[in-house]
Amino acid sequence: MRLVTWNINSLRLRLPLLARLTSDLRPDVVCLQETKVPDPLFPADDLRALGFEHLHYSGMKGYNGVAILSRHPLEPLSDLPVWYEKADCRHVAARVLAPSGSVELHDFYVPAGGDEPDPEANPKFAHKLAFVEETARWFANRPNQRTILVGDLNIAPLEHDVWNHKQLLKIVSHTPPETERLQTWIQSGFVDAMRQFVPPEEKLYTWWSYRNRDWKASNRGRRLDHVWVTPDLLPELSGMTIVAEARDWPSPSDHVPVVLDLAE
DNA sequence: ATGGTTGGTATCCAA
């Protein structure tokens, strides 16, 4: 099974890029974040035309929004918590009935957290910290088996998940309060699937800001997008690819797709 | 220290 996670930053605007990704890589399942489309306007017909017959999504006007697109049948998980008492379309989950064995799949879009890394002064940062605490607690209190958690978690946890560790310690996405909480979350039952393929001492990015004139030349990236799996799935992992060239596609997202291959 | 760009929606907010 080939799984992709991608913060697409407007699904409707980037449907042609999703079509390109689909024809280039033939994913079985695609998890999207920042779809920015309310459910009644979700482009389901376009996605079915790309081969994704099974769709599960949660979107709202203007912001956020997550979606799972699948060639295999989905059984949505309908009783998910409302994180931070805000129904703001940051989490969907479903059981994927793949021929190689079904898996439980969670697709997250964690709050970005604003600019000021102080929960007292910045309510967005307080929201982000609380969101990660709540999700960590929830996963710690349930059995996690054959489960995959993906998404834009908006935190780069390791030193080499950012272009300059020391400089970014005070920048939201790489501050200790965030990386510590992410650590607690992953320890609720997961392992970092991307780092199974690339050692922690190697730089690894999935996002490059729009604000750099030449993203490739400056290469000031961060690994904000993640793929976690429960340890029982480790023997089935067969490959991981960051589709960095997508950052140069016409009208790109600032995030690039991450591909995980699981054995047939 | 500052500003740089993009998308959705409405002329500003969020990232």
Side-chain angles (χ1 to χ4, degrees), chain A residues 5-21 31-43 46 57-67 83-84 86-91 107-119 121-132 150-157 161-164 166-175 177-179 181-182 205-226 243-258:
Chain A
T5 180
W6 191 14
N7 179 323
I8 198 168
N9 188 14
S10 174
L11 172 57
R12 285 174 292 178
L13 188 68
R14 289 188 230 287
L15 273 171
L17 300 192
L18 184 63
R20 178 168 177 174
L21 177 82
C31 292
L32 300 174
Q33 304 87 36
E34 282 205 269
T35 54
K36 295 185 176 179
V37 57
D39 290 347
L41 300 177
F42 192 82
D46 296 298
Y57 48 88
S58 173
M60 59 191 281
K61 187 175 177 178
Y63 310 104
N64 310 337
V66 283
W83 307 111
Y84 203 66
K86 282 167 92 87
D88 57 354
C89 306
R90 296 180 179 277
H91 180 203
D107 180 12
F108 275 97
Y109 175 53
V110 170
D115 290 331
E116 176 62 41
D118 175 0
N122 173 10
K124 291 182 196 169
F125 194 68
H127 179 200
K128 182 178 197 175
L129 296 183
F131 187 100
V132 175
V150 306
D152 176 5
L153 306 185
N154 265 317
I155 298 172
D161 291 338
V162 295
W163 63 279
N164 185 322
K166 201 174 171 186
Q167 196 166 328
L168 280 153
L169 278 170
K170 291 178 179 173
I171 302 298
V172 171
S173 75
H174 195 59
T175 67
E178 294 167 88
T179 56
R181 281 164 179 78
L182 198 74
Y205 311 140
T206 64
W207 173 89
W208 291 263
S209 171
Y210 285 127
R211 297 178 191 180
N212 284 105
R213 193 166 297 150
D214 185 336
W215 71 275
K216 203 183 282 179
S218 55
N219 198 22
R220 297 184 168 190
R222 304 178 201 171
R223 184 169 70 117
L224 302 179
D225 303 274
H226 296 273
V243 190
E245 62 266 29
R247 191 61 181 75
D248 272 335
W249 289 352
S251 245
S253 170
D254 46 355
H255 296 252
V256 298
V258 180

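Excluded from the calculations below are hydrogen atoms, water molecules and symmetry mates; all remaining heavy atoms, backbone and side chain alike, are included. Quick note on labels: first sequence line is chain A, next is B, and so on, each numbered from 1.
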Please lay out, stage by stage, how K86(A) and H127(A) fare under the test side chain to side chain contact (heavy atoms under 4.5 Å, CB included). CA-CA 10 Å; K86(A) 282 167 92 87; H127(A) 179 200; 3.7 Å; yes

P atom, dG7(B) versus dG3(B): distance in rounded Å? 22 Å

Considering residues at least two apart in sequence or located in another chain, which fulfil the ring-ring contact (aromatic ring centres under 6.0 Å, His included) criterion with F42(A)? Y57(A)

Figure out the NZ/P separation between K170(A) and dA1(B), and round it to whole Å. 10 Å

Taking it one step at a time, do R14(A) and S253(A) satisfy side chain to side chain donor-acceptor pair (under 3.5 Å)? CA-CA 8 Å; R14(A) 289 188 230 287; S253(A) 170; 4.7 Å; no

R14(A) near the nucleic acid: base, sugar-phosphate alone, or nothing, with a heavy-atom cut-off under 4.0 Å? sugar-phosphate

Minimal non-hydrogen separation, I171(A) against E178(A), with atom names: O-OE2, 4.2 Å

Between T206(A) (side chain) and D225(A) (backbone), is there a donor-acceptor pair under 3.5 Å? yes

Heavy-atom contacts, protein to nucleotides 9-15 of chain B, under 4.0 Å, summarised as B (base), S (sugar-phosphate only) or - (none) per nt, yield S----SB

Using atom CD1 of I171(A) as one end and atom C1' of dA1(B) as the other, report the distance to the nearest whole Å. 12 Å

With rounding to whole Å, what would you report as the distance between dA15(B) and dT9(B) at their P atoms? 15 Å

Partner residues of N154(A) under the side-chain hydrogen bond (donor to acceptor under 3.5 Å, both in side chains) criterion, sequence neighbours left out: none

In whole angstrom, give the distance that lies between atom CG of L13(A) and atom C1' of dT6(B). 10 Å

Starting at atom CG of N212(A), determine the distance to atom C1' of dT2(B), rounded to an integer number of angstrom. 14 Å

Using atom P of each nucleotide, how far apart are dA14(B) and dA10(B) to the nearest Å? 14 Å

